[in-house]
Amino acid sequence: MSRYGDFTRDPCPWVILNDTGAAFAMGAMGGGIWHMVKGAKNSPRGERILGAITAVKARAPVLGGNFAVWGGLFSTFDCAFKGIRQKEDPWNVIASGFLTGGVLAARGGFAASAKSAALGGLILALFEGIQIAAYRVMTPASPPMIQLPEIQPPSPTPQ
């Protein structure tokens, strides 16, 4: 089901918290796997398990927090655009990605912020374009309309 027709999601103030938590969970789990492998690889022989656990404990929550910040900002901007424009369409998502990228890179100055904003908008535009194209390809074409012959009312017959 398309996200634009999904009315089972929570209303906007709650969806921000939900998306932030989901982003943290994804970042922490993905970071846990990544840092477990990296910690085991960089540890000396015989201490690989301990090195993997130490790396996961040190770095996975940090990556989860980074994902949570991105998810929370994106969801906040998305909800703001839904409230301002009073509609849900791909432009809200693209603009949210643009602003999220720009805000997260704001500490690097205007040039870095502009580049990151453009990249964020471009990536989200690509995602939305692929989603729309996939929807059009996967949706079966509607069958052609059958034209019924015109039925004339019976003519009155004299009796």
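For the single chain, residues carry numbers from 1 onward in sequence order.
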Exercise for review: Check whether I33 and V62 end up in the same hydrophobic cluster, where Ile, Leu, Val, Met, Phe, Trp and Tyr are linked by side-chain heavy atoms less than 4.5 Å apart.
Suggested key: no

**Study point:** Hydrophobic cluster identity match, W70 and I123, side-chain contacts under 4.5 Å
**Key:** yes

How long is the span from the [atom1] atom in [X] to the [atom2] atom in [Y], to the nearest 0.5 Å?
{"X": "L126", "Y": "Q131", "atom1": "CG", "atom2": "CD", "value": "13.0 Å"}
{"X": "W14", "Y": "C79", "atom1": "CH2", "atom2": "SG", "value": "12.5 Å"}
{"X": "F81", "Y": "D89", "atom1": "CZ", "atom2": "CG", "value": "11.0 Å"}
{"X": "T54", "Y": "M36", "atom1": "OG1", "atom2": "CE", "value": "11.0 Å"}

Measure from the side-chain N and O atoms of [X] to the backbone N and O of [Y], and report whether any donor-acceptor pair falls under 3.5 Å.
{"X": "T100", "Y": "S96", "value": "yes"}
{"X": "S113", "Y": "G109", "value": "no"}
{"X": "S116", "Y": "A112", "value": "no"}

Going by heavy atoms in the side chains, are [X] and [Y] under 4.5 Å from each other?
{"X": "L119", "Y": "K115", "answer": "no"}
{"X": "L50", "Y": "S43", "answer": "no"}
{"X": "F74", "Y": "V93", "answer": "yes"}
{"X": "W34", "Y": "L63", "answer": "no"}

Work out which heavy atom in [X] is nearest to a heavy atom in [Y]; give both atom names and the distance.
{"X": "L104", "Y": "V69", "result": "CD2-CG1, 3.7 Å"}
{"X": "F24", "Y": "A68", "result": "CB-CB, 3.7 Å"}
{"X": "E128", "Y": "I94", "result": "CG-CG1, 4.4 Å"}
{"X": "G39", "Y": "A55", "result": "CA-CB, 3.7 Å"}
{"X": "K87", "Y": "N92", "result": "O-ND2, 2.7 Å"}

**Study point:** Identified side chain to side chain contact (heavy atoms under 4.5 Å, CB included) partner of I16 from the options D19, N18, T20
**Key:** T20

Check your understanding: R48: what forms a salt bridge (Lys or Arg N to Asp or Glu O under 4.0 Å) with it, not counting sequence neighbours?
Key -> none

**Study point:** Residue I49 excluded, over 12 heavy atoms near CD1 under 6.0 Å
**Key:** no

